[in-house]
**Q** 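Structure provided below as structure tokens; questions to follow.
Each chain gets a letter, A, B and so on, in the order the sequences are listed, and its residues count up from 1. Values below: every heavy atom of this structure, side chains too, minus hydrogens, waters and symmetry copies.
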Amino acid sequence: MTSPSLKALVIGLVIRTPLIPLLVLASFVPGFWSVGNLRTLAESVSIDGIVVIGMTIVMIAGGFDLAVGSVLAMGGVAAIVLLPYGLLASIVGSAVFGGLAGLLSGGFVTRLRINPFIATLAVMVIVRGATLAYTDTRPVVGLDDTFLALGGGYPLPYAFIAMIIIALLGHVLLSWRAWGRHVYAVGADERAAAMSGLAVSPIKLQCYGLSGLLAGLAGFLLAARLGTGSPIVGDATPLTAAAAALIGGASLRGGQGSIPGAMAGLLFVGSLVNLMNLLGMPSYYQRMVIGTMLIALVVIDGVLLRLRQR
Amino acid sequence: MSTSVKRRRLLGRFISPIWMVLIAVVIIAAFISDRFLSPYNMVTVLQQGVVTGIVALGMTVVLIGGQFDLSTGAIVMMAAVMALVIGPSDPASIALAIILPLMSGAFIGAVNGLVVYKARANSIVATIGMQFFLFGAVLAGVSGQHVRTDNMAAGFSGLANAKLFGIPLPVYLFVVLVVVLSVVMDRTVFGRHVYGIGGDEEASRRAGIRVVWTGTLTFVLSGMLAALSGIFIASLVGNVDPSAIGGYAFPALTAVVLGGTSLSGGMGRPSDTAAAILVIAVINNVMTILNYQYPIQLLVQGVVLAGAVAFYSLRRVELAP
């Protein structure tokens with residue numbers, strides 16, 4: 001799993017994550033391969049992409065994080081609010097706030113043994129409520145040249161570069177370090193992992209904390225791009241992130257998935273949305289497509305489980 | 001079984017902790033604001049509670065079966081929009097504005113049920129996907145615009161607004177639904193099977209229970225109840241902003257969990273969900289009176305959900321052998 005052969009990679013990109021067929025189809029849409037559109041694509045996937053990395057790690061550990069969307073919004077607001085104290089405070093602050101929210105989720109899951117979906121649903125609502133209350137439901141505006149410059153970048157957006165770097169770090173962490181193997185072990189069979197002497201709770205806690213931290217950081221980058229921290233962004237983020245991770249080979253039952261896979265899944269979802277935009281489909285239809293895709297993915301997830309049990 | 005244990009269980013059948021919480025919350029609310037106990041305000045509390053409550057009843061049955069239905073918020077919205085688009089102006093269109101949303105709710109419930117029980121998909125993600133799909137579909141259908149009907153017949157607006165002895169009709173219907181569902185869950189084969197599936201799906205399957213059929217029915221029930229709630233909203237306000245009324249699934253889920261329905265299924269009672277709905281409605285009402293707006297209410301609900309889940313899960317750990 002750590003080093004997929006070329007054959008596996010091709011099969012993965014054609015069948016499991018049908019990215020190559022989609023890109024071939026995309027060639028028939030005028031304007032898809034233009035530099036401008038590719039930059040738009042890179043920009044649009046980069047924020048979700050950073051979230052996807054955290055989500056994938058949590059899913060490999062057998063969890064789920066519905067809170068990433070509201071943590072993203074909180075990170076953006078924190079970034080703007082902390083901007084007067086310097087750029088560093090802004091970056092670190094949004095990441096720390098995000099990380100704390102993630103640790104809260106992790107605490108619910110590990111200490112109180114709450115179902116991860118419900119635990120993170122509660123945290124999602126708590127964080128959303130707190131962010132809306134703090135901002136009085138209005139976006140906060142930040143005006144700082146360096147800050148706004150971080151939201152741009154040409155030809156490659158800085159957010160995209162950040163996503164690539166974080167993805168590489170995450171991949172190294174998961175595939176080449178002991179910690180990563182432990183995460184896979186915990187997700188595949190928690191009981192067996194505990195019996196082999198792994199500290200299951202701390203590992204899961206770290207995964208949730210990491211997911212929150214990355215979501216907060218993504219919020220910083222989004223705020224830098226928009227120049228505002230909106231308390232209402234990110235309601236579709238957990239779904240998009242989950243869809244990308246699932247397409248990329250992660251399972252809702254844990255122990256599976258990889259960051260390169262999730263990145264391919266992210267590109268698939270991102271290209272699909274981009275194509276729909278190019279074809280002029282209203283955003284409502286995009287919601288329908290993402291919803292349908294998610295249902296199809298969990299159905300496939302269920303079917304695969306049954307096949308494996310045979 | 002000794003008589004004292006039997007008596008305790010009998011008592012426990014009717015008075016579970018959540019009813020005590022309800023009484024406590026009402027007493028506290030009465031102390032906080034003297035406006036709380038005014039008849040007008042009580043009717044408001046009931047009216048708000050019932051709309052979410054009907055949704056929560058359906059979700060309770062689904063969760064007793066061990067699954068989640070988070071598509072209910074979108075079904076409420078869909079049903080309200082459908083009823084208003086049909087425009088109930090004469091008896092025939094009134095009937096249509098009631099039957100069509102209910103049937104659509106049932107259909108979506110059936111799809112949810114088959115996806116979850118037949119295809120074995122994770123119910124939380126699948127029903128969130130369904131919620132997304134429905135939101136997109138309805139918003140696309142009405143191009144994101146407000147929907148309203150100008151000549152709503154009195155018969156339709158009366159559904160939610162008419163009062164008997166000063167109490168709105170939906171409140172009576174809610175009470176009837178709670179009683180009927182309690183009997184169905186407690187005394188019928190269907191209800192027993194739902195508890196069985198929630199307790200242990202594989203064992204139920206081996207015992208010959210038609211798991212897919214029974215489980216799908218719970219989703220159908222949930223879809224229809226959510227649609228009913230949407231019809232009441234349409235009747236109540238006659239003017240709906242589709243992108244603003246989707247938030248019913250979360251408070252309903254909070255109530256279901258607060259009422260003691262186990263997250264892993266097999267335990268829970270519709271009557272306890274009803275009590276929990278009233279607890280949440282009272283808390284929200286007091287916060288509104290004290291001028292704490294939506295964000296704080298959302299925050300409090302999240303804390304209530306987390307607290308309730310933590311309370312029940314810790315209690316279960318203590319009770320476990």
**Q** Measure distances from A/Leu66 to the heavy atoms of chain B and classify the residue's part below 4.5 Å as side chain, backbone, both or neither.
**A**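 The answer is the side chain of A/Leu66.
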**Q** Between B/Tyr292, B/Phe133, B/Tyr294, who has the most heavy-atom pairs with chain A when the cutoff is under 4.5 Å?
**A**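 Most heavy-atom pairs within the cutoff with chain A belong to B/Phe133.
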**Q** Determine the option with the most heavy-atom pairs under 4.5 angstrom with chain B, choosing from A/Leu112, A/Leu132, A/Leu294, A/Ile126.
**A**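 Result: the option with the highest number of such pairs is A/Ile126.
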**Q** Would you mind writing out the side-chain donor-acceptor pairs for residues 273-290 of chain A within the sub-3.5 Å range, not counting sequence neighbours?
**A**
from, atom 1, to, atom 2, distance (Å)
A/Asn274, OD1, A/Asn37, ND2, 3.0
A/Asn274, ND2, A/Asn37, OD1, 3.1
A/Asn277, OD1, A/Gln286, NE2, 2.6
A/Arg287, NH2, A/Asp235, OD2, 2.9

**Q** What pair of heavy atoms forms the shortest contact from B/Ala119 to A/Val299, and how long is it?
**A**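 Between these two residues, the closest heavy atoms are CB-CG1, 3.7 Å.
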**Q** With B/Arg205, which residues qualify under salt bridge (Lys or Arg N to Asp or Glu O under 4.0 Å), at least two apart?
**A**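 B/Arg205 satisfies salt bridge (Lys or Arg N to Asp or Glu O under 4.0 Å) with B/Glu201, B/Glu202 once adjacent residues are dropped.
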**Q** Answer whether the closest heavy-atom distance between the side chains of A/Asn115 and B/Val309 falls below 4.5 Å.
**A**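 Contact flag for A/Asn115/B/Val309 side chains = no.
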**Q** Name the option with the most non-hydrogen atom pairs under 4.5 Å to chain A; the candidates are B/Gly141, B/Ala126, B/Gly129, B/Ala137.
**A**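 Answer, by heavy-atom pair count under 4.5 Å with chain A: B/Gly129.
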**Q** How many angstroms lie between atom CZ of A/Arg128 and atom CZ of B/Phe250, to the nearest 0.5 angstrom?
**A**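 That separation rounds to 12.0 Å.
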**Q** Side chains of B/Asn122 and A/Phe117, heavy atoms from C-beta outward: is any pair under 4.5 Å?
**A**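 Of all side-chain heavy-atom pairs linking A/Phe117 with B/Asn122, at least one is under 4.5 Å.
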**Q** Identify the two heavy atoms, one from B/Arg120 and one from A/Arg253, that lie closest to each other, and give their separation to 0.1 Å.
**A**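 Taking every non-hydrogen atom into account, O-NH2, 3.8 Å.
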**Q** Return the option, out of B/Ala121, B/Pro295, B/Gly302, with the maximum number of heavy-atom pairs under 4.5 Å with chain A.
**A**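 Most heavy-atom pairs under 4.5 Å with chain A: B/Pro295.
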**Q** To the nearest 0.5 angstrom, please state how far the CG atom of B/Asn112 sits from the CD1 atom of A/Ile295.
**A**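 The distance works out to 7.0 Å.
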**Q** Do you know the tightest heavy-atom contact between A/Ala122 and B/Leu305?
**A**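 The pair with the smallest heavy-atom distance is CB-CD2, 3.9 Å.
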**Q** Non-hydrogen atoms of chain B under 4.5 Å away: do they reach the side chain of A/Ala236, the backbone, both or neither?
**A**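 It is both, since atoms from each part get that close.
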**Q** Given the rule in the side-chain contact (heavy atoms from CB on, under 4.5 Å) test, do B/Ile124 and A/Leu121 qualify, once you have shown the distances and angles that lead to the verdict?
**A** CA-CA 10 Å; B/Ile124 294 183; A/Leu121 184 68; over 6 Å; no
**Q** Check this for me: A/Ile232, atom CD1, are more than 12 non-hydrogen atoms of other residues, nucleotides or ligands nearer than 6.0 Å?
**A**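 For A/Ile232, atom CD1 is not crowded (no more than 12 foreign heavy atoms under 6.0 Å).
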**Q** Heavy-atom cut-off 4.5 Å, strictly under: side chain, backbone, both or neither for A/Tyr134 against chain B?
**A**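 Neither part, no heavy atoms under 4.5 Å.
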**Q** Between A/Ala242 and chain B, with a heavy-atom cut-off of 4.5 Å, which part of the residue counts as in contact: side chain, backbone, both or neither?
**A**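 Contact with chain B: none, neither part.
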